[in-house]
Trainee: 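Below you will find the structure I want to go over with you.
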Protein chains: 2
Amino acid sequence: MDLDDTDRRILRVLQKQGRMSNADLSDQVHLSPSACHRRVQRLETEGFIRGYVALLDARKMNMPTTVFVEITLSAQADEVLEAFEKAVSRIPDVLECHLMAGTADYILKVVAEDTEDFARIHRQYLTRLPGVAQMQSSFALRTVFKTTALPV
Amino acid sequence: MDLDDTDRRILRVLQKQGRMSNADLSDQVHLSPSACHRRVQRLETEGFIRGYVALLDARKMNMPTTVFVEITLSAQADEVLEAFEKAVSRIPDVLECHLMAGTADYILKVVAEDTEDFARIHRQYLTRLPGVAQMQSSFALRTVFKTTALPV
DNA sequence: AGTGAAAAATTTCACTC
DNA sequence: GAGTGAAATTTTTCACT
């Protein structure tokens with residue numbers, strides 16, 4: 001299915017304010033409430049919209065520390081990758097896990113309360129990951145910005 | 001303000017389903033609708049909940065490619081950092097920008113349609129960023145998982 | 001914090017153009 | 001596709017326990 005400009009306007013708005021009422025949304029995109037609602041439903045059922053989430057304030061929640069962890073495995077066989085990924089997915093503080101091209105096999109994005117808390121996560125979880133040959137952690141001093149919104 | 005277990009349950013649910021109705025939410029967290037609604041309002045006004053957003057399917061939206069770009073600047077004076085950050089914030093395909101400790105000064109998370117599209121973004125935007133000494137791009141072959149939900 | 005109820009707003013749907 | 005209007009549901013408030 002193709003998206004027209006109106007669909008894209010809807011997605012731009014909902015990526016910023018996912019709980020905006022259909023009445024307000026229809027105003028912003030210059031549609032009647034019913035036409036707008038039909039489009040949103042289609043975008044949902046066709047899978048363009050994966051879902052709606054509340055975003056929490058990491059500082060308020062006492063998780064202001066972000067660490068990127070680059071990991072190289074000792075082997076690249078499918079079973080090794082699978083075992084690694086399965087173990088990673090059980091660590092609550094890991095928000096993202098990407099399989100990379102090039103030298104590092106994986107990049108993890110980890111959040112923690114502070115450096116000490118990251119040390120705990122490292123000790124408790126990261127050192128126990130299977131198949132790891134090398135690991136390098138880089139701390140974010142400050143997150144300049146972070147958005148969940150794809151450019152549409 | 002401190003959060004109790006009920007607050008944390010509310011946040012866990014809303015981080016997964018941000019548009020759940022207050023009635024359903026109050027069921028899930030074992031509260032009456034009014035008590036639940038009172039708590040959600042407090043979590044919003046106190047700033048624990050920063051907002052609600054729709055999450056789009058990157059594949060459906062034709063932006064399935066994620067690239068991490070590590071950048072070292074030629075100087076670290078405040079004005080250099082500011083100019084760099086200001087320029088970065090104008091690039092639509094950059095979803096995150098983190099100031100890092102250690103060797104690389106910044107890590108950017110960039111999304112693109114494919115490698116060719118990333119080449120365009122690189123040419124059009126990244127090569128024109130001010131104060132850049134070194135830049136290294138790493139492609140994600142596959143995103144194992146990605147979540148916006150903080151552990152609470 | 002819970003209950004119950006009323007008021008306001010939103011969502012949903014059948015129908016029409 | 002889009003618009004209209006009415007019904008169904010949900011949200012929001014409130015007084016009271």
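Here the structure is a predicted model, which is why all the values come from computation and not from measurement. Letters go in sequence order (proteins before strands), and every chain restarts at 1.
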Trainee: Taking atom NZ of A/K16 as the centre, does the number of heavy atoms from other residues, nucleotides or ligands within less than 6.0 Å exceed 12?
Mentor: no
Trainee: In the 5'-to-3' direction, what one-character label does each nucleotide of nucleotides 3-17 of chain C receive under the scheme B = base within less than 4.0 Å of a protein heavy atom, S = sugar-phosphate only, - = no such atom?
Mentor: B------SSSB----
Trainee: Just one of B/L14, B/V29, B/L3 clears the side chain to side chain contact (heavy atoms under 4.5 Å, CB included) bar with B/R9, so which one?
Mentor: B/V29
Trainee: Take the protein atom CG of A/D4 and the nucleotide atom C1' of D/dG1, then report the distance between them rounded to whole Å.
Mentor: 10 Å
Trainee: Tell me the interatomic distance from A/D5, atom CG, to D/dG1, atom P, rounded to whole angstroms.
Mentor: 14 Å
Trainee: Tell me the partner of D/dT17, counting only Watson-Crick (N1-N3 plus N6-O4 or O6-N4) or G-U wobble (N1-O2 and O6-N3) with both under 3.5 Å; none if nothing fits.
Mentor: C/dA1
Trainee: Rounded to whole Å, how long is the line connecting atom CZ of A/R9 with atom P of D/dA2?
Mentor: 11 Å
Trainee: To the nearest Å, give me how far apart CD1 (A/I10) and P (D/dA2) are.
Mentor: 9 Å
Trainee: What donor-acceptor contacts under 3.5 angstrom involve side-chain atoms of residues 105-117 of chain B, with partners at least two apart or in another chain?
Mentor:
residue	atom	partner	partner atom	Å
B/D105	OD2	B/L73	N	2.7
B/D105	OD2	B/Q76	NE2	3.0
B/Y106	OH	B/E85	OE2	2.6
B/K109	NZ	A/E96	OE1	3.1
B/K109	NZ	A/E96	OE2	2.8
B/K109	NZ	B/E96	OE2	3.3
B/D114	OD1	B/E116	N	3.1
B/D114	OD1	B/D117	N	2.7
B/D117	OD1	B/R120	NE	3.0
B/D117	OD1	B/R120	NH2	2.7
B/D117	OD2	B/E113	N	2.9

Trainee: Restricting to non-hydrogen atoms, name the atom on A/P33 and the atom on A/N22 that form the minimum distance, rounded to 0.1 Å.
Mentor: O-ND2, 2.9 Å
Trainee: Do B/D24 and B/Q28 touch side chain to side chain, with heavy atoms closer than 4.5 Å?
Mentor: no
Trainee: Is atom CD of A/Q134 surrounded by more than 12 heavy atoms (other residues, nucleotides or ligands) closer than 6.0 Å?
Mentor: no
